Amino acid sequence: MSRPVGDLPGVGPQVAARLKALGILVETDLLFHRPLRYEDRTRITPMNRVRPDARVQVEGRVMHQEVVQRRRRMLLVTLADDSGQITLRYFRFYPSQLRMFRVGNRIRCFGDVRFGPEGFEMAHPECRVLGAGTDHALPEHLTPVYPVTQGLARATLTGLIDRAVERVENGQLELIDPLVGLNDLMALDQAVLTIHRPGPGENLDALADGYHRAVQRLACEELLAHHLALARLNRARQRQHAVALGPGTALRNSLLERVGFEPTAAQRRVVSEIVDDLVDERPMRRLLQGDVGSGKTLVAASAMLTAVAAGRQAAIVAPTEILAEQHFNTLSGWLEPLGLKLAWLAGKVKGKARRQALEALAGEADIAIGTHALFQAGVRFRDLALIVVDEQHRFGVHQRLSLAAKGSAGERVPHQLVMTATPIPRTLAMTAYAGLEVSVIDELPPGRKPVTTVAISQGRREEIIERLRRALAEGRQAYWVCPLIEESDLLEAQAAESTASELERALPGFSVGLIHGRMKAAEKQDIMARFSAGDIDLLVATTVIEVGVDVPNASLMMIENAERLGLSQLHQLRGRVGRGSAQAACVLIYKPPLGDTARARLETMRETTDGFVIAEKDLELRGPGEVLGTRQTGMLRFRVADLGRDAELLDPVRNLAERLDRGGADIVIERWIGEAEQFVDV
Ligand code: ADP
Ligand code: MG
């Protein structure tokens, strides 16, 4: 068992919390945190050899330092070696820097070179003084640059990883390698050392993009860990029992009379597949795949009625409060008239409301609706026979496993229906959803017209807003999505706020609403309700509306910074419109110039609305080099592996899984899945 990071020297509760946000809980997790890129500090570049737009390391003496007042105040330092000189430019500087750059001091610095008014220069390079007592030796290996998270200094993280790697190097931290001899894989400790301390001769592109043997070694073990964990879960499942429910046909038929539309043939088919499972003692574990707007909610409701007709309870869990709230509204409209009792629970439900909800869940409620708060400690169900997990791809696989475990007090486990709009290419479904039976809704409700999609450069913003004004004037409703610019709720919220005020000024006479992840649940609900009721014409939003939100009258979707989003996210967002009978449109606003991948994504979006085609294309485009900061929309959250890149590892992984002994499997699962393992090894 590896040490929790909180026990490492220099790690207080705050740093530990930040590390946790990166998925780093124990010491060995530090070893699996891969660098974004590498810097070559093994060499000194002579100053007459530096070129613009390169990142280099130079070393020389300070010839001159001066604080000048141009348009801004700045510090200019002239540094020279035997071959030439270079200027260092600082727009922010401290007294300590003035001392560091005292004339005559020997300085080593690393940074980007550009050509400026003073000749070659570096702005804000990293520098250090090479004093008499300091170590002048150059590192022998390349310097990794690690991805960090808000509130965690890169130097802190780098220091921690360095120490862990050092401990591997000197044998204090032993990495048991159960795969040794089973394959021609690189040894685990060697792979770790190569990733964190590559020699100058290593192929850096392969390392950064993940095709390097060292990265593949880790990816392989990670995939193996998931494979083994899921196989264990499945074996445990086979020993479990659920309650065999009655068919409940009458109650389901009364629902169909209420909803006001005819189910599609595909909806009917998947409902009967589900009911066939529910009348059996074997616990159902079924994945319901259906593109956005295909009508999964009705299928979920039908499944839940089957449990209720048998006198038992069903629960539906959504990944966000907005989505859970929306299910609550839809389902109360459908089910309360049938005499059912619904209970609502989310993290924000507190005090008396919470007590009442808990009482209902333990008592007379038929259907529970909420977020994962439904499965926290202290929540007891009277007789939970079915769990529906909506928009599965937003839950991590470990959360899914824990949901399953929480519901399974005692002998019997609830049946499980997992719903997703993210179509998974067949090749990956095995690993992503090992052990789940799959039902597919392969048909949209009649009358849907495919959303027309255009991509427009942000330079034509005025034209775009004019087009929006005309649509609003026709009584249509629209979304304007401002996706994350950085991995930060706060910045994202700010961007959305300023866009909302800009649009409000530009569109007088229309009501503009704003919704983002930092608002209180009640505020969000209020805004969604007003948008649903048509009181808000234009809803400016962050990607909080990405999944599930259903307002049929909204027929226009504007997505800013569309070039930053992945295909499945764009598809999800576009799926918010085109739900009513009006012809819907999606405008992808991008910032030129477009990279090849971004261009291919936008083209795919223009060409097709078919979720499966988009998923296949996504797989082809995604993977290596995807900028950090675009949220991964994968079903499994991997640290090293990437299903797009590593699909061909899946066969060797299955083979390894068969040959590994129980002890080896324990080590691998513990190392990669760790905490969640308790839920796996039932
Ligand atoms: P999703 O699969 O994305 O969760 P929803 O369940 O939210 O889709 O359904 C999308 C919209 O289509 C909802 O407004 C729903 O009431 C409507 N709908 C579902 N099934 C049908 C159908 N068979 N005929 C017409 N409308 C339907
Ligand atoms: Mg849905």
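The residues of the chain are indexed from 1 along the displayed sequence. Keep in mind that this is a model prediction, so the values were computed, not measured.
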A.B. asks: State whether the number of non-hydrogen atoms from other residues, nucleotides or ligands found under 6.0 Å of Lys348 atom NZ is greater than 12.
C.D. replies: yes
A.B. asks: Would you find a donor on one side and an acceptor on the other, under 3.5 Å apart, between the side chain of Ser439 and the backbone of Val270?
C.D. replies: no
A.B. asks: What's the separation between atom CZ in Arg601 and atom OH in Tyr590, rounded to the nearest 0.5 Å?
C.D. replies: 14.5 Å
A.B. asks: Would you say the side-chain atoms of Arg154 pair up with the backbone N or O of Tyr146, donor to acceptor, closer than 3.5 Å?
C.D. replies: yes
A.B. asks: Does a salt bridge link Glu603 with Arg606, judged by any charged N lying under 4.0 Å from a carboxylate O?
C.D. replies: no
A.B. asks: Look at the side chain of Arg576 and the backbone N and O of Gln572, then say whether any donor-acceptor pair between them is shorter than 3.5 Å.
C.D. replies: yes
A.B. asks: Over all heavy atoms of both residues, which pair between Ala368 and Leu361 is shortest? Give the atoms and the distance, please.
C.D. replies: CB-CD2, 3.4 Å
A.B. asks: Is the closest side-chain heavy-atom distance between Leu157 and Ile24 below 4.5 Å?
C.D. replies: yes
A.B. asks: For a side chain to side chain contact (heavy atoms under 4.5 Å, CB included) check, start with the C-alpha distance between Ile515 and Tyr479, then their side-chain angles and the critical distance, and finish with the verdict.
C.D. replies: CA-CA 10 Å; Ile515 189 161; Tyr479 297 96; over 6 Å; no
A.B. asks: Would you indicate whether the side-chain heavy atoms of Leu305 and Leu340 approach each other to under 4.5 Å?
C.D. replies: yes
A.B. asks: Which pair of non-hydrogen atoms, one from Ile536 and one from Ile527, has the smallest distance, and what is that distance?
C.D. replies: CD1-O, 3.8 Å
A.B. asks: Decide salt bridge (Lys or Arg N to Asp or Glu O under 4.0 Å) for Glu273 and Arg269; before the verdict, give the C-alpha distance in whole Å, the side-chain angles of both, and the deciding distance to 0.1 Å.
C.D. replies: CA-CA 6 Å; Glu273 285 166 4; Arg269 187 189 71 245; 3.6 Å; yes
A.B. asks: Side-chain donor-acceptor pairs under 3.5 Å in residues 453-465, sequence neighbours left out?
C.D. replies:
{"unit_1": "Thr453", "atom_1": "OG1", "unit_2": "Arg574", "atom_2": "NH1", "d": "2.8"}
{"unit_1": "Ser457", "atom_1": "OG", "unit_2": "Gly459", "atom_2": "N", "d": "3.1"}
{"unit_1": "Arg460", "atom_1": "NE", "unit_2": "Glu463", "atom_2": "OE1", "d": "3.3"}
{"unit_1": "Arg460", "atom_1": "NE", "unit_2": "Glu463", "atom_2": "OE2", "d": "3.3"}
{"unit_1": "Arg460", "atom_1": "NH2", "unit_2": "Glu463", "atom_2": "OE2", "d": "2.8"}
{"unit_1": "Arg461", "atom_1": "NE", "unit_2": "Glu502", "atom_2": "OE2", "d": "2.9"}
{"unit_1": "Arg461", "atom_1": "NH1", "unit_2": "Glu560", "atom_2": "OE2", "d": "2.9"}
{"unit_1": "Arg461", "atom_1": "NH2", "unit_2": "Glu502", "atom_2": "OE1", "d": "2.8"}
{"unit_1": "Arg461", "atom_1": "NH2", "unit_2": "Glu502", "atom_2": "OE2", "d": "3.4"}

A.B. asks: Kindly indicate, with the supporting measurements, whether the criterion side chain to side chain contact (heavy atoms under 4.5 Å, CB included) is fulfilled by Leu298 and Trp334.
C.D. replies: CA-CA 9 Å; Leu298 178 67; Trp334 287 348; 4.1 Å; yes
A.B. asks: Does any non-hydrogen side-chain atom of Leu514 lie less than 4.5 Å from one of Thr499?
C.D. replies: no
A.B. asks: Does a side-chain N-to-carboxylate-O contact under 4.0 Å join Glu321 and Lys524?
C.D. replies: no
A.B. asks: Please name the pair of heavy atoms, one in Ala208 and one in Arg34, separated by the smallest distance, quoted to 0.1 Å.
C.D. replies: O-NH2, 2.9 Å
A.B. asks: More than 12 heavy atoms of other residues, nucleotides or ligands under 6.0 Å from CZ of Arg448: is that the case?
C.D. replies: yes
A.B. asks: Answer yes or no: is there a donor N or O on one side and an acceptor on the other, between the side chain of His124 and the main chain of Phe91, under 3.5 Å?
C.D. replies: yes
A.B. asks: Any idea which heavy atoms bring Pro446 and Thr264 closest together, and the distance?
C.D. replies: CD-CG2, 4.1 Å
A.B. asks: Report yes or no: does Asp646 contribute a side-chain atom to a donor-acceptor pair with the main-chain N or O of Asp642 at less than 3.5 Å?
C.D. replies: yes
A.B. asks: Partners of Lys350 by side-chain contact (heavy atoms from CB on, under 4.5 Å), sequence neighbours excluded?
C.D. replies: none
A.B. asks: Step by step, would you call Ile316 with Leu417 a side chain to side chain contact (heavy atoms under 4.5 Å, CB included)?
C.D. replies: CA-CA 9 Å; Ile316 180 163; Leu417 178 66; over 6 Å; no
A.B. asks: Decide side chain to side chain contact (heavy atoms under 4.5 Å, CB included) for Thr297 and Gln326; before the verdict, give the C-alpha distance in whole Å, the side-chain angles of both, and the deciding distance to 0.1 Å.
C.D. replies: CA-CA 11 Å; Thr297 317; Gln326 183 174 290; over 6 Å; no
A.B. asks: Closest approach of Ile369 and Leu374, non-hydrogen atoms and distance?
C.D. replies: C-CD1, 3.9 Å
A.B. asks: Tell me the closest heavy-atom pair linking Met419 and Asp390, and the distance in Å.
C.D. replies: CE-OD1, 3.4 Å
